[in-house]
Amino acid sequence: MLEYRLPYQDGLGFTNILLTALGGDGANMAAKLLFKIAVEALNLDGGYDAKYGSEKTGTPTDVSIRLCLYGTPVRESGPTRRPHMLSVFRETLVLTQNLVAGLQADATVMVNTTKGPSEIRELLRLPSGKILTLDATRIATETQSRLNMPMLAVLAHQLGFPGEIVKEAIGKQWPRAKEANLAAFEMAVGRARSERFEPHPEYPLVEPARVSSPVGYANMLNGGAIDAFSNISIPERGAPPLGRVPVFAAEHCSHCGLCLVPCPDPGAIVYCKGCMQCV
Amino acid sequence: MLDQQTIISSGNEAAAHAIIDIGYDGEGYYPITPSSEVGEYVNRAYAQGEIDLSFVVGTSELAAISTVAGMAIAGGRAVDVTSSQGLLLKAEELPALAGLGLPVVLNLATRDVNAPLNIKNGHSDLAATLGWGWVTLCAPTVQAVYDLNIIALKIAEAVNLPALVAYDGFHTSHANRRIKVFTDRRAVREFIGPEPPRRLSLLDVKHPHTFGPYMNDDLINTKVLIDQKMEKALKLLPRIFEEYAQLSGRRYQFLEVYGAPDAQVALFILNSAAEASKVAVDRLRQEGRSVKLVSPTVLRPWPADTILQTLFSVDRILVAERVSQYGANNYLANEVGAVLQRSADHNLILSRTYGIGGLNFYPEDAEYLFRLALNFPNVPDHEKRWKGYYQAWAGDRDARPVAKTAPISSAEVTRNAGKDRVDLRELADMPHRIEKHSACPGCGLFSNLEMFLRGIDGQVVFFFNTGCGMLVTTGFPSTSFRVPYFHNLFHNATSTATGAIEMYQRLRRQGKMDDEITFIVVTGDGGDDIGMDQVIGAALRNDPMIVLEYDNKGYMNTGGQLCYTGLLGQRFTNANVGPKQKGKLQHHKDIVEILRGTHAPYLFQAAESNFRDLLMKARKAQKMVREGDFVFGRFFSPCPLNWGSDPRMGFRIVDKFAPVTEAIQQEVDRRWRRLVEMDANPAL
Ligand SMILES: Cc1ncc(C[n+]2csc(CCOP(=O)(O)OP(=O)(O)O)c2C)c(N)n1
Ligand code: SF4
């Protein structure tokens, strides 16, 4: 077995990693592969736990990986509450998810974005640590690989997993997409921009979030009913979670109504998921 | 000790691995999250030719467990898996299996039983089984899921009772861990016994027996038998645990006890939360606190003596349960209390409900509960109670909801109605009855439904079965429905609609209801497998509702399992393609033909790819229900996620790219010729 040192250890001996992504991004597969390498090549222990709702393409999801030396009891399950390392597959998640909650000091954060590390630090309000940014979407497109490849590459690199072993595992896992995946893998590590951030009084450490919401047992409607007037999910203008969306050019519209036919998303004029069926 | 190998496995995979190693003769199966994967892994091994077993996908959980009963009464070793509502649907059969003395094994990936629907962990399914005569083992870790599955069959066959292995849904079923499994399957077979012990069999024609007779006064004696078998299991289990420890190096006991043997305070808690609690025990003991954790591995038979020995000198016991017995003390708190009344000591028992609906339970949470017991009664006021909820929240009492939308007036949604020509322009401005949802991009469900609804004027009330349609629209506290909506579990929408329609008609007759309403039931094709009887019932009664089935050729919400609508050769997560199995083995179910036998007045099929036709059918459907008739319509509905298709293709997949194999085409042609003949000969 190879000599290997965990990059972080909490009081129980664990490095905690959180991958946050959208359904369909392949975060689960990335976690699976990393854990396989950790066990089989590095004789580590730990686990990975996927948050499984019923993931539809494009809805937020996450996977937690815990790594420890073999022999350490593995007792926690479910998502990690205090990640040392955070891999963000989509920039929108920085804005929509409370990712900084529970994040440890001196964390390592990897984000798929076109922005630079300092901009991400502000958006994320990272207390301290290292931010790596990379345009993983672009790398995936250029190499005809998948988004999880560049994200996996950077995480494996930050974990200090030996590159050759990781590449071999990727080749074995997806034999048919080997070339594309390895190209994405190589490209990612080289293209990531990295910067360290010292603690900053404006960005304190944030405790892990407790599950809570404005609606509880004191004010819930009988039987958990939902009031359609106040709680309707009206489409709001926002960045599409995935890929491309068609541009609506009002001046060219002949008002034939045909685009309505295939459109599965009411209100798509303001909120479009980019299935591209109407074009 | 036997040779073992390290694998990475989830709890569900571990159960499947044990099923495969045991070499069961059969599995009855019906998918439900979070246990569905167990059957998927088993079927994959079967399709690959790694194992030989009968794998039967039922039309419901009840069908699946009944198939298992059939396998067992014919002398086979049979296994099943389920969760939550699935368990309850089996409920009719579960006490019967104990009464009949059939040693089958059921894996239960626990999930709360509820409405409003939640698919996460909770032990209300497990709690329901406690009096049903099943040997019940609790597996707190992925490793234990594997081990206890093997032990379960051994004890079941030793006493002729069914056995249940319960592990936490998601927390264990979906936790991936490094575990050990036996290298050689034959060793597992050897441990269990290569053949099941001899018992009476239905297939013994040389010496016939009558099984499941009608019994009057004698019934009470069968109950005595079950209890005697439980007592026998209590005696045998330590020996079986020991034997297993010799083989595996892993020792199980009635109770897992962790911490100070003579502790003053104990936390009594089941499964994965017990694991997390060990961390809290370590922390508190470092502080010099005298605490321990007690977690039963064997729940039935209830190891009362061992529990008494372990707890009688403990001053305070906090029994934390992932379930609540409303208006009464909780299940295990009662049972612990009943054991302790045998001791002279006056132990204090606190009862807390935690973790329902999948709320995670971390070491910090265990620490909180320990401290609560340590400090009781010097605790905050809201904790000064014997029974309580941990992790529930009150909400913001002062919050005043702001209206974001107003009711849709009938005039707004009455457009282009009753006209012969469909005018899309006129329909374009019609308000949406269903707003933003989180279906996958390119999902056919809502394109069909949206288009259909444009052909429906006036007020609408929806009933949805469980499936993608309900899941992506009503994530609490938001809803996509601007009009009234009711989801009443997986397969009950048609009967539920019948009830509401009866009341509606009553109010109309009494002159208390002005609004004219069209009642629409939306179901997946799976909902019409498990709920087929209820659809047929509504059709036979000719209840005035429109039932819409979106046929995406699978159980998509739960990850793409086989639905009877699936095409010959179609691959599903539980009908795999390999040397031994080529996907689905039969041709697709024809729901419209099934319903034809009800002589329902209007049955149709449509797809949004032919939208004018679809809209005209919507108008006809509404006209029919207004005249008091039942209508059933089936939409062909692409599922890009589980079909693995490009969402952009959408309905074009239907027109051009569907790889229709010859065999399917022949079957479709055959069915079509039959229809043509019927059309030409009205007497048919
Ligand atoms: C009694 C019961 N059994 C099983 C389930 C799990 N379950 C929920 S949705 C679903 C599949 C639904 O399939 P379908 O009706 O085709 O709708 P789709 O998922 O394709 O939208 C299953 C198996 C359940 N909720 N209740
Ligand atoms: S899984 Fe399939 S049916 Fe369900 S929302 Fe996604 S595309 Fe639609």
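Throughout, protein chains are lettered first and strands after them, A, B, ... in sequence-line order, and every chain is numbered starting at 1. Keep in mind the model is a prediction, meaning the values are calculated, not measured.
When heavy atoms are compared at a cutoff of 4.5 Å, B/Phe481 approaches chain A solely by way of its backbone atoms N, CA, C and O. Neither the backbone nor the side chain of B/Thr473 has a heavy atom closer than 4.5 Å to any heavy atom of chain A. Both the backbone and the side chain of A/Pro79 come within less than 4.5 Å of a heavy atom of chain B. Of the two parts of B/Asn448, neither the backbone nor the side chain holds a non-hydrogen atom closer than 4.5 Å to a non-hydrogen atom of chain A. Looking at B/Val472, only its side chain comes within 4.5 Å of chain A, counting heavy atoms on both sides.
Counting heavy-atom pairs closer than 4.5 Å to chain A, the top residue among B/Ala428, B/Pro34, B/Pro140, B/Ala175 is B/Ala175. Of the listed residues B/Arg397, B/His174, B/Arg425, B/Met451, the one with more heavy-atom pairs under 4.5 angstrom with chain A than any other is B/Arg425. With respect to chain A, the highest number of heavy-atom pairs below 4.5 Å among B/Asp398, B/Asn176, B/Leu359 belongs to B/Asn176. The candidate with the highest count of non-hydrogen atom pairs below 4.5 Å against chain B, out of A/Ser213, A/Gly47, A/Gly11, A/Gly24, is A/Ser213. Chain A forms the most heavy-atom pairs under 4.5 Å with one residue out of B/Glu275, B/Glu450, B/Arg177, B/Arg482, and that residue is B/Arg177. Between chain A and the options B/Pro116, B/Pro477, B/Gly559, heavy-atom pairs under 4.5 Å are most frequent for B/Pro477. Taking chain B as the reference chain and counting heavy-atom pairs below 4.5 Å, the highest number among A/Ile226, A/Leu44, A/Val74, A/Ile65 is found for A/Ile226. Note: B/Ser438 leads B/Pro401, B/Pro484, B/Ala276, B/Ser438 in heavy-atom pairs under 4.5 Å with chain A. Heavy-atom pairs under 4.5 Å with chain B were tallied for A/Ala225, A/Ser77, A/Gly257; the largest tally goes to A/Ser77.
Ionic pairing of B/Asp429 and B/Arg454 is not present here: no N-O contact between side-chain nitrogen and carboxylate oxygen is shorter than 4.0 angstrom.
Using cut-offs of 30° and 60° on the angle between ring planes, the pair A/Tyr8 and A/His84 is parallel.
Side-chain atoms of A/Arg176 and A/Asn181 include no donor-acceptor pair closer than 3.5 Å. In the model, B/Tyr389 has a side-chain atom that pairs as donor or acceptor with a side-chain atom of B/Ser324 under 3.5 Å.
The line from CG of A/Leu103 to CG of A/Leu99 is 8.5 Å long, rounded to the nearest 0.5 Å.
The main-chain N or O of A/Ala228 is never found under 3.5 Å from a side-chain atom of A/Asn231 such that the two would form a donor-acceptor pair.
For the residue pair A/Ala209 and A/Ala101, the shortest heavy atom distance occurs at N-CB, 3.9 Å.
Annotation: B/Lys278, atom NZ; neighbour count of heavy atoms from other residues, nucleotides and ligands within 6.0 Å is above 12.
Every pair passing salt bridge (Lys or Arg N to Asp or Glu O under 4.0 Å) that includes a residue from residues 355-366 of chain B is listed here, sequence neighbours excluded: A/Arg81-B/Glu364, A/Arg82-B/Glu364.
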